[in-house]
Amino acid sequence: MSGQIRYSDEFKIDAVAQVTERGYSVKEVAERLGLSTKSLYTWMAQFSKALRQTDQEAEVRRLKKELARVTAERDILK
């Protein structure tokens with residue numbers, strides 16, 4: 001065994017979200033979680049795109065719901 005700790009993708013995504021969404025510094029998050037800053041930067045490169053896509057998908061769902069509501073209101077007024 002190499003002695004390395006394996007972290008789940010969920011843990012990594014949460015760590016990246018603390019930096020990208022909640023505004024904490026990389027150094028602060030790394031120290032709090034007991035990681036190296038290099039690991040956190042690597043995870044950021046790996047998962048930040050996935051987080052942006054998730055945010056975009058949520059926005060698209062919200063906009064579709066709003067469009068359906070507005071369309072229904074318009075049809076009622078016709």
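Counting begins at 1 with the first residue of the sequence.
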Nearest-0.5 Å distance that lies between atom [atom1] in [X] and atom [atom2] in [Y]:
X   : Y   : atom1 : atom2 : answer
R6  : K12 : CZ    : NZ    : 7.5 Å
K27 : S36 : NZ    : OG    : 13.5 Å
E66 : T71 : CD    : OG1   : 10.0 Å

Is the number of heavy atoms from other residues, nucleotides or ligands under 6.0 Å of E73 CD greater than 12?
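Enclosed.
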
Atom OH of residue position Y41 - does it have more than 12 heavy atoms of other residues, nucleotides or ligands inside 6.0 Å?
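It does not: Y41 OH has 12 such atoms or fewer within range.
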
Should [X] and [Y] count as side-chain neighbours, where that means a heavy-atom distance under 4.5 Å?
X   : Y   : value
R74 : L77 : no
D9  : F47 : yes
R22 : V29 : no
W43 : V19 : no
R69 : K65 : no
L33 : Y7  : no

Check whether L35 and I5 end up in the same hydrophobic cluster, where Ile, Leu, Val, Met, Phe, Trp and Tyr are linked by side-chain heavy atoms less than 4.5 Å apart.
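Yes: a chain of side-chain contacts under 4.5 Å links L35 to I5.
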
What are the two closest non-hydrogen atoms of A30 and L40, and how far apart are they?
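Distance-wise, the nearest heavy atoms are N-CD2, 4.0 Å.
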
